[in-house]
Amino acid sequence: MNRTDHQNGEAAATIGALATPALLLDKDRLDRNLARLSSRMAEQGVVLRPHMKTAKSIDVAQRAYPSGAGPITVSTLAEAEYFAQHGFRDITYAVGLAPHTAARAMRLRKAGVDLKVLLDTPEQARMVGAAGRAAGVIPSAFIEIDCDGHRGGLTADDPKLIAVGVALGEAGVKLAGILTHAGESYSLFTPEALIAAAENERAAAVAAAKALRATGHECPVVSVGSTPTAHFAEDLTGVTEMRAGVYMFFDLVMHGVGVCTTDDIAISVLATVIGKKPEKGWILVDAGWMALSRDRGTAAQPVDQGYGLVCDVAGKIYPDLIVSQASQEHGIVAIRPGSAHALPNLPIGAKVRILPNHACATASQHESYSVVSADSDAIEAQWPRMRGW
């Protein structure tokens, strides 16, 4: 076993022997989640371009592509460089460009990586064109489309869309296509609303591509993607690729949206009981927001999971037991307000698993995954995570 996680010192052979807090990854759930979306996109005839911002791990990427490297999405250039070093060459950097990132991205293209960048202004088109000329390469860029007002990008009927296409041509930048992200789908809770969001995402992307093509611009790729819409889209006509990332692990936000069950959540934080306050209805654990993250994404959902849902060491959920409060290195475990369930009797030193609100944010707090399988206490491997920008 390759030991890379310094916080646990010598390699632990079992979950019970791990120093805490530690990040566990259930590889059986991971594989099931990967297969679920891969099969769904294959049935739709759409390329799946997994977003590696959640996993940030070559070992996870190789589970997604067991036969060899395939197309991926990244959210930082450090990710792009990391995955390129491990043989991935078809990469979309799905974050808007600044001058320093344009120059850095072109160095990757110079090294033979088919790195495609994202922009939504003529200024950025000229900027990436200049960076390409300086590096002696031809850049490739997506135009970002705003399908739901969630973040950046242009609407499909914005005259600036064609202006950006023109600017790309004048700057010597290849138009890769259009790219959109239905980020507002994370705030939805019903199948009907999610199906409608997926159709809105598809329609906006296809309309933007048609507008560009109608004015003489090639637009080969129509890229959409969010984990909720990827799982609820009923029609992907006109779409060529789907991007999603958190689907690999899932989390409590995705459970609240209705995309997964708690049995699909592949990562958890292992913590140890370090104190008890029975008069307050509290159990203290050694996993605070430094281990769980400060993400409170479920607070706006019908069921607020606090800072995470608490399970026993085998992964069985304690009814209505949540991390209700978190400081830097302390978590306060309590029964959800209004519940009739009793606080479990957990002695000092007992271990629990905590399911995260947001898999990306929680995983980013840790250096590596301790890999486990269902119904086993064994630590099968340590998979390092990359970090940084």
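Below, each value reflects all heavy atoms present in this structure, side chains not excepted, and no hydrogens, waters or symmetry copies.
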Quiz: residues 171-179 side-chain donor-acceptor pairs under 3.5 angstrom, not counting sequence neighbours:
none

Where at least one partner belongs to residues 265-291, residue pairs that pass salt bridge (Lys or Arg N to Asp or Glu O under 4.0 Å), sequence neighbours excluded =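 Found none.
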So which pairs with a foot in residues 70-94 pass salt bridge (Lys or Arg N to Asp or Glu O under 4.0 Å), sequence neighbours left out?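 Sorted pair list: R49-D90, K56-E79, E81-R104, D90-K116.
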Once side chain to side chain donor-acceptor pair (under 3.5 Å) is applied, do any residues pair with [X], and if so which ones, sequence neighbours excluded?
X: S364; value: none
X: R29; value: none
X: T180; value: none
X: D146; value: none

Going by side-chain heavy atoms closer than 4.5 Å, which hydrophobic residues are tied to I332, directly or by a chain of links?
->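 Members other than I332 - counting any ILVMFWY side chain reachable under 4.5 Å - are I274, W282, L284.
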Handout entry: Non-hydrogen side-chain atoms of V74 and T92 separated by less than 4.5 Å
Key =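 Side-chain contact under 4.5 Å: no.
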For residues 156-163, dump all side-chain donor-acceptor pairs below 3.5 Å to protein atoms at least two apart in sequence or in another chain.
unit_1: D157; atom_1: OD1; unit_2: T155; atom_2: OG1; d: 2.9
unit_1: D158; atom_1: OD1; unit_2: K160; atom_2: N; d: 2.8

Side-chain polar contacts of residues 261-268 - donor-acceptor pairs under 3.5 angstrom, sequence neighbours left out - could you list them?
unit_1: T261; atom_1: OG1; unit_2: D263; atom_2: N; d: 3.2
unit_1: T261; atom_1: OG1; unit_2: D264; atom_2: OD2; d: 3.2
unit_1: D264; atom_1: OD1; unit_2: R32; atom_2: NH2; d: 3.4
unit_1: D264; atom_1: OD2; unit_2: T261; atom_2: N; d: 2.9

Next item on the list: Just grab all the ring-ring contact (aromatic ring centres under 6.0 Å, His included) pairs involving residues 239-270, residues at least two apart or on different chains.
Entry: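 Sorted pair list: H231-F250, F249-Y369.
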>> Test of understanding: with salt bridge (Lys or Arg N to Asp or Glu O under 4.0 Å), list the residues that count as partners of R40, not counting sequence neighbours.
In response: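 Expected list: none.
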